[in-house]
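Notes to accompany the following structure.
Per chain, numbering begins at 1; letters A, B, ... match sequence-line order.
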4 protein chains.
Amino acid sequence: MTTGTADGAAPPPRRTGRPRSQDSRDAILLAATEIVAEQGYAAASIEKIAQRAGVGKQTIYRGWPSKGDILLEALTRKADLYIPIPDEGNWPADIRRLLDDSFALVRRAPQIPDLLRALMVEAQLDPVFGDRFRTNFLQHRRAAVTTLADRAAQRGDLPASVNADVAADVIYGVIWYRLLAVPAPFDDRLADDLATLLTTGP
Amino acid sequence: MTTGTADGAAPPPRRTGRPRSQDSRDAILLAATEIVAEQGYAAASIEKIAQRAGVGKQTIYRGWPSKGDILLEALTRKADLYIPIPDEGNWPADIRRLLDDSFALVRRAPQIPDLLRALMVEAQLDPVFGDRFRTNFLQHRRAAVTTLADRAAQRGDLPASVNADVAADVIYGVIWYRLLAVPAPFDDRLADDLATLLTTGP
Amino acid sequence: MTTGTADGAAPPPRRTGRPRSQDSRDAILLAATEIVAEQGYAAASIEKIAQRAGVGKQTIYRGWPSKGDILLEALTRKADLYIPIPDEGNWPADIRRLLDDSFALVRRAPQIPDLLRALMVEAQLDPVFGDRFRTNFLQHRRAAVTTLADRAAQRGDLPASVNADVAADVIYGVIWYRLLAVPAPFDDRLADDLATLLTTGP
Amino acid sequence: MTTGTADGAAPPPRRTGRPRSQDSRDAILLAATEIVAEQGYAAASIEKIAQRAGVGKQTIYRGWPSKGDILLEALTRKADLYIPIPDEGNWPADIRRLLDDSFALVRRAPQIPDLLRALMVEAQLDPVFGDRFRTNFLQHRRAAVTTLADRAAQRGDLPASVNADVAADVIYGVIWYRLLAVPAPFDDRLADDLATLLTTGP
DNA sequence: ATCTAAACGAGACGGTACGTCAGGTCTTGGT
DNA sequence: ACCAAGACCTGACGTACCGTCTCGTTTAGAT
């Protein structure tokens with residue numbers, strides 16, 4: 001993902017007027033991230049973000065269509081978020097690698113769980129943003145798993161009890177469930193359990 | 001769940017004054033449910049609920065400590081919500097029965113997904129309510145699965161690749177993920193896939 | 001004038017709900033008066049008035065339809081504003097008395113010129129308020145002069161060069177002109193000149 | 001916008017760089033006049049003027065220190081505004097001529113009352129401009145009357161009940177009062193009344 | 001049959017945040 | 001160097017709700 005705003009194909013080169021300030025964008029994303037991490041999502045008003053970023057509210061409304069889109073860009077800006085689609089040559093290693101990478105990211109950057117929670121809340125509160133969130137973020141994540149599963153199916157080492165959709169549902173279901181609903185950590189025990197479940201066949 | 005007000009041990013019989021109106025409580029719960037279902041959670045302000053219920057705001061604040069608690073009681077009031085812990089005598093049948101009952105409930109009462117979404121949102125926005133929600137609702141659900149799994153373990157028909165915690169994580173993880181994140185239905189195909197996954201062992 | 005809000009005849013006694021706070025109204029009028037006097041009309045934003053009065057903005061919007069109406073009530077609240085229609089028995093004494101009373105009032109309460117200027121500005125900026133201002137304030141003032149002139153005409157001591165309308169135009173024209181356009185004071189010299197002009201006939 | 005080559009009368013001290021565009025100035029003044037006349041003073045924002053004139057905001061700020069100054073120049077640009085100081089040889093004729101000319105101007109160009117109102121408002125809102133307005137415009141007008149009165153006094157045909165200051169106060173007081181406060185027209189009846197008042201002596 | 005006291009509907013209260021508009025300044029590329 | 005365009009920060013607008021606080025009005029049990 002690149003920008004968060006869904007620009008179709010050819011962004012017409014802006015011609016006149018003062019260009020938008022990258023500094024302001026950065027400050028807004030940073031302020032939003034910090035407020036969400038420090039004070040929780042309920043405290044992350046546009047007004048507070050603007051004040052903390054040292055920016056006018058209009059600059060925010062000019063740059064993003066909703067609060068969710070700010071958070072989504074903040075999330076994707078964390079470049080280390082990128083989790084490569086593993087290719088270890090076999091399904092068990094692939095799935096274990098994906099789980100380890102995902103869990104490590106969440107453990108490494110403590111703001112990421114906060115951002116993810118905030119994004120899911122915003123997706124429920126603002127259905128229009130919800131669609132963008134699903135399309136531009138959640139489906140990309142699912143695609144990583146289904147790619148692995150398709151590859152495994154072609155190789156023939158996907159257990160008969162597993163298919164691509166259920167694998168994605170289980171992995172991201174459990175991740176989101178732990179983020180939102182239970183205070184349990186993302187530790188190796190969980191990775192073990194999930195990997196075992198998804199790689200064991202009759 | 002009882003009332004929402006946590007009256008610990010001694011139930012002091014209220015003595016004087018006008019008793020609280022059960023009609024008002026009912027009207028509030030109905031109004032909240034309808035607004036969430038019709039207009040979405042973002043539209044469900046206390047003010048709108050009070051107006052639709054024909055009730056003063058103070059009557060709401062007298063009865064529930066937060067908006068989440070209203071929704072939680074509205075959810076539990078749907079008496080048919082009650083899903084018995086199955087006891088079919090074997091793990092595959094138990095797990096399949098639990099899944100079927102759960103999915104059927106969600107399909108039968110279309111307001112229930114809306115209420116569940118709203119509750120999860122409110123749990124994120126209001127951490128104090130979040131704790132109540134986890135303790136009084138989510139953990140009860142988990143307990144159903146872990147009870148089944150413990151029974152299966154004692155019987156010896158729990159697959160080696162499954163344990164009680166991961167079974168609960170997977171089942172409720174997938175349910176919540178589908179409620180919040182993907183527009184997919186709760187159909188027999190999903191029940192088949194999950195049951196297969198959780199009952200297949202090496 | 002009584003309230004500034006043009007309620008026709010029978011104000012239906014409000015029945016339910018918490019009654020409006022007279023303290024808040026008073027604080028709003030005082031804050032508006034002070035800000036206009038101290039910082040000028042341009043600084044008198046609704047937001048500043050609310051803050052200085054220690055009042056929510058909604059309390060202002062609930063009580064007055066526009067900023068001008070606040071100022072108009074503040075002006076009329078200065079009870080000593082009331083200038084009785086004199087009846088000295090002859091036109092020269094009447095007109096001199098009206099001028100003396102009017103000038104004395106303006107000199108005595110230094111906020112009154114500020115309020116009057118602010119009201120006239122607001123009447124230009126907000127045509128709807130402008131109509132109210134003309135009807136409920138300016139025409140009442142004119143009426144005092146035309147009453148005196150009509151009485152004088154009946155008595156026969158109104159100079160042939162003066163009629164009721166031109167007398168009102170001259171008196172209030174000069175007063176407003178001095179308020180808005182020239183920094184000259186409202187002193188006895190001006191009262192002498194105007195009285196002489198309006199009482200001298202061929 | 002392109003600047004015509006024929007800049008008629010005064011060759012400005014030619015400097016380097018692109019010269020200021022007279023077309024832009026004209027467009028700004030025209031846009032300001034039209035907006036005030038069509039939509040009222042409250043709608044005449046710098047932003048709207050710039051947009052209507054097809055001009056950058058900076059071009060406006062470069063050319064005038066305040067919105068009032070734009071309007072003041074727009075007013076004085078209406079060349080027919082110029083009212084000669086009459087010299088009919090006697091006070092009654094002079095004063096009648098001045099009133100007739102002034103009233104005729106206001107009746108002929110309907111934007112002029114709007115501009116005058118806007119200028120007086122701006123003078124109240126912006127005290128710095130207010131001083132300029134008084135010095136550069138209002139006092140010039142007063143001077144016309146006091147010149148006539150001084151001449152009459154020297155000739156000896158100024159009524160004893162009139163002096164130069166009160167004559168100016170009355171004439172411009174009534175004009176401004178009618179512009180700002182009452183919807184009455186500037187007709188011959190008013191001219192008759194004022195002329196009679198100011199020319200009748202004992 | 002009154003009295004007492006809490007709950008009731010209504011709605012005003014001081015606040016926070018919303019999304020928009022305008023003010024006056026600044027920064028582009030183009031003429 | 002000036003221009004049109006437009007982004008920048010500031011601050012005010014009028015609205016929606018928040019959770020609290022009065023009002024006058026029920027409505028029960030205790031007198």
Rounded off to whole Å, could you give me the [atom1]-to-[atom2] distance for the [X] and [N] pair?
X: B/R20; N: E/dA7; atom1: CZ; atom2: P; result: 5 Å
X: C/Q22; N: E/dC13; atom1: CD; atom2: P; result: 10 Å
X: B/D126; N: F/dC17; atom1: CG; atom2: C1'; result: 16 Å
X: B/W64; N: F/dG19; atom1: CH2; atom2: C1'; result: 16 Å
X: B/I70; N: F/dG19; atom1: CD1; atom2: C1'; result: 13 Å
X: B/Q39; N: F/dC17; atom1: CD; atom2: C1'; result: 15 Å
X: B/I49; N: E/dG9; atom1: CD1; atom2: C1'; result: 17 Å
X: D/L125; N: E/dA22; atom1: CG; atom2: P; result: 16 Å

*asked:* Is there a side-chain contact between D/R62 and the phosphate of F/dC2, meaning an N or O under 4.0 Å from OP1 or OP2?
replied: no
*Look at C/S24 and E/dA12 and indicate whether a side-chain polar atom (N or O) is within less than 4.0 Å of OP1 or OP2.*
no
*Sub-4.0 Å heavy-atom contacts from residues 50-61 of chain A onto DNA chain F, ordered by number*: A/G54, A/V55, A/G56, A/K57, A/T59
N/O to N/O distances under 3.5 Å, protein versus nucleotides 24-31 of chain F:
from   : atom 1 : to    : atom 2 : distance (Å)
F/dT26 : O2     : B/R18 : NH1    : 2.9

Residue list, salt bridge (Lys or Arg N to Asp or Glu O under 4.0 Å) with [X], at least two apart or on another chain:
X: D/D126; value: none
X: B/D23; value: none
X: D/R52; value: D/E34, D/E38
X: C/D26; value: C/R77

*Do D/Q22 and D/R25 touch side chain to side chain, with heavy atoms closer than 4.5 Å?*
yes
*Minimum heavy-atom distance C/L29-C/A74, with the two atoms named*: CD2-N, 3.7 Å
_Which residues pass the ring-ring contact (aromatic ring centres under 6.0 Å, His included) test with D/F133, not counting sequence neighbours?_
D/F129, D/F137
*Between B/A44 and C/K48, name the one whose nearest nucleotide on DNA chain F is closer to the 5' end.*
C/K48
_With A/K67 via side-chain hydrogen bond (donor to acceptor under 3.5 Å, both in side chains) - residues at least two apart_ = none
*Kindly write out the residues that satisfy side-chain hydrogen bond (donor to acceptor under 3.5 Å, both in side chains) with D/E47, not counting sequence neighbours, or none if the list is empty.*
D/K57
*Which nucleotide in the set F/dA12, E/dG24, E/dC8 lies at the smallest distance from any side-chain heavy atom of D/I46?*
E/dG24
